[in-house]
Amino acid sequence: SILGISVLLLVFSILNGFKSFSMNFSTKIQFYLNAAFLIPLIVLIILTLSVVRTTLISIQEKSFVDNTKNISNTLQYHLENFQTNKTSRAYFESEINELARNTKLDINLFDNKGRLNFTTRPLVYQYHLLSNYLNPEAYNKILEQKANELLTNESLGELNYKTVYIAVKGKENKNYGVVGIPFFDAKTLLDIQVKEVVATILIIFLLMFLILLVSSYFASSQLTSPLKLIAQRLKKTNLDSLDESIEWKSNDEIGLLTK
């Protein structure tokens with residue numbers, strides 16, 4: 001939003017600046033120098049933010065998938081022990097609840113028919129805030145097409161979040177079901193990261209802009225000094241006195257003009 005306002009102000013200044021303000025030659029030079037710097041810089045910042053946001057999303061999604069894979073491996077171990085009667089259902093549930101507390105994530109396990117088998121957040125399903133059946137997209141990809149994982153966007157009321165589904169497989173590639181891990185704070189974390197990047201870029205932008213203002217002031221002074229000299233001499237010129245020659249040592253356009 002800050003960049004959008006900056007762009008609008010710049011465009012407005014370019015379109016209406018000359019109508020609203022009477023600028024001298026030196027001011028026009030400063031204006032064009034600043035515009036020549038600001039326009040490419042703003043475009044570069046917008047493109048950089050777009051790339052950074054895309055990169056952050058990719059990194060975040062990879063992190064979600066990796067976390068879910070780690071949980072799936074632990075879940076597979078306990079699920080195999082439970083399926084082979086080495087541990088009880090109560091022990092299995094206590095271990096998964098402990099895993100959920102340690103990782104600060106909700107863990108949902110669906111069976112091979114897509115029905116909810118176990119969850120660490122039962123109230124969400126008891127109050128029918130979420131369906132007791134596997135996400136249709138995950139059902140199609142993992143249970144029917146035999147894909148190993150799926151990251152998808154879901155919503156709970158006005159809350160939008162990402163969920164990773166991974167097939168839980170044991171020995172001889174036996175499928176025990178599908179684990180689903182919702183990441184409710186995905187958008188919040190992404191917004192925080194983007195704001196940090198924007199703040200850093202704006203600080204750099206401000207410093208560069210201040211340097212530009214100083215540089216453009218000295219540059220315009222150097223460029224307009226010979227014109228000011230000629231203007232001063234022309235003001236002193238009259239018919240009653242001899243014309244005073246203008247000395248200009250450089251063999252440039254100003255030198256040709258003063259000959």
Side-chain angles (χ1 to χ4, degrees), residues 53-84 87-194:
R53 181 178 177 83
T54 302
T55 303
L56 289 175
I57 291 175
S58 178
I59 294 174
Q60 185 187 66
E61 290 180 350
K62 184 179 184 301
S63 174
F64 291 162
V65 173
D66 290 341
N67 289 340
T68 306
K69 284 181 178 179
N70 292 333
I71 293 175
S72 176
N73 292 333
T74 305
L75 184 62
Q76 172 197 338
Y77 170 78
H78 292 293
L79 194 56
E80 280 184 342
N81 289 337
F82 171 63
Q83 293 286 351
T84 56
T87 58
S88 64
R89 173 85 183 187
Y91 179 81
F92 168 76
E93 292 182 356
S94 66
E95 289 296 309
I96 303 307
N97 282 317
E98 180 67 21
L99 178 62
R101 285 191 294 269
N102 292 337
T103 57
K104 297 180 180 179
L105 294 170
D106 297 339
I107 301 176
N108 305 310
L109 178 64
F110 299 87
D111 61 23
N112 291 326
K113 294 184 179 180
R115 294 174 299 193
L116 182 67
N117 185 15
F118 173 75
T119 178
T120 58
R121 191 67 66 92
L123 291 179
V124 175
Y125 294 92
Q126 289 176 7
Y127 286 104
H128 303 290
L129 298 177
L130 291 175
S131 172
N132 289 323
Y133 290 90
L134 184 63
N135 181 296
E137 185 180 0
Y139 185 94
N140 178 54
K141 290 287 185 181
I142 298 177
L143 294 181
E144 292 185 349
Q145 298 184 21
K146 307 302 180 181
N148 290 324
E149 62 191 51
L150 172 70
L151 187 148
T152 184
N153 296 312
E154 296 184 348
S155 62
L156 178 59
E158 296 182 355
L159 175 63
N160 297 315
Y161 59 95
K162 295 180 182 294
T163 301
V164 178
Y165 294 97
I166 290 183
V168 182
K169 297 181 179 180
K171 296 178 181 179
E172 299 179 357
N173 210 30
K174 181 180 180 181
N175 193 359
Y176 288 111
V178 179
V179 59
I181 308 293
F183 294 88
F184 294 109
D185 56 351
K187 186 177 184 301
T188 303
L189 292 175
L190 180 63
D191 289 342
I192 292 174
Q193 292 175 324
V194 171

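All residue numbers refer to positions in the sequence shown, counting from 1.
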Query raised in the report: Could you walk me through whether Ile59 and Thr55 pass the side-chain contact (heavy atoms from CB on, under 4.5 Å) check?
Result: CA-CA 6 Å; Ile59 294 174; Thr55 303; 3.9 Å; yes
Requested in this report: Please assess Asn153 against Asn160 for the test side-chain contact (heavy atoms from CB on, under 4.5 Å), listing each intermediate value before the final yes or no.
Outcome: CA-CA 7 Å; Asn153 296 312; Asn160 297 315; over 6 Å; no
Requested in this report: Evaluate the side-chain contact (heavy atoms from CB on, under 4.5 Å) criterion for residues Ile166 and Val178: first the C-alpha distance (whole Å), next the side-chain angles of each, then the deciding distance (0.1 Å), finally the verdict.
Outcome: CA-CA 6 Å; Ile166 290 183; Val178 179; over 6 Å; no
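Applying the side chain to side chain donor-acceptor pair (under 3.5 Å) test to every pair with at least one member in residues 122-133, sequence neighbours left out, gives these pairs: Asn108-Tyr125. Within the structure, every pair that satisfies the ring-ring contact (aromatic ring centres under 6.0 Å, His included) test and touches residues 60-80, not counting sequence neighbours, is listed here: Phe64-Phe183. Applying the ring-ring contact (aromatic ring centres under 6.0 Å, His included) test to every pair with at least one member in residues 94-114, sequence neighbours left out, gives no pairs at all. Pairs engaging residues 56-68 under the side chain to side chain donor-acceptor pair (under 3.5 Å) rule: Glu61-Lys162, Lys62-Asp66 [sequence neighbours left out]. Screening residues 92-108 for salt bridge (charged side-chain N to carboxylate O under 4.0 Å, His left out), with sequence neighbours left out, gives Arg89-Glu93, Glu98-Arg101, Asp106-Arg121.
Atoms CG and OG1, from Leu159 and Thr188 in turn, are 8.0 Å apart once rounded to the nearest 0.5 Å. We find the CG-CZ distance between Leu109 and Phe92 to be 5.5 Å, quoted to the nearest 0.5 Å.
Checked against ring pair (Phe, Tyr, Trp, His ring centres under 6.0 Å), Tyr91 has no partners two or more places apart in sequence or in another chain. For Tyr176, the ring pair (Phe, Tyr, Trp, His ring centres under 6.0 Å) test picks out no residue, with sequence neighbours left out. For Asn148, the side chain to side chain donor-acceptor pair (under 3.5 Å) partners two or more places apart in sequence, or in a different chain, are Lys169. Annotation: side chain to side chain contact (heavy atoms under 4.5 Å, CB included) contacts of Thr103 (sequence neighbours excluded): Ile71, Leu99, Leu105. Residues satisfying the salt bridge (Lys or Arg N to Asp or Glu O under 4.0 Å) criterion with Asp191, sequence neighbours excluded, are Lys187. Judged as a side chain to side chain donor-acceptor pair (under 3.5 Å), and not counting sequence neighbours, the contacts of Arg115 are Asp111.
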Per-pair distances, 0.1 Å, donor-acceptor, side chain in residues 135-144, under 3.5 Å, sequence neighbours excluded:
from	atom 1	to	atom 2	distance (Å)
Asn135	OD1	Glu137	N	2.8
Asn135	OD1	Ala138	N	3.4
Asn135	ND2	Glu154	OE2	2.8
Glu137	OE1	Thr152	OG1	3.0

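Considering every non-hydrogen atom in both Ala167 and Ala147, the closest pair reads CB-O, 4.3 Å.
Looking at Ile181, Leu150, Leu151 one by one, the single match for side-chain contact (heavy atoms from CB on, under 4.5 Å) with Val65 turns out to be Leu151.
Counting only heavy atoms from C-beta outward, the side chains of Tyr165 and Val179 never approach each other to under 4.5 Å. Between Leu56 and Arg53, the closest side-chain pair of non-hydrogen atoms is not below 4.5 Å.
Comment: Glu149 engages Lys69 in a salt bridge, judged by a side-chain N to carboxylate O separation of less than 4.0 angstrom.
A donor-acceptor pair under 3.5 Å is absent between the side-chain atoms of Thr120 and the main chain of Ala100, judged by distance alone.
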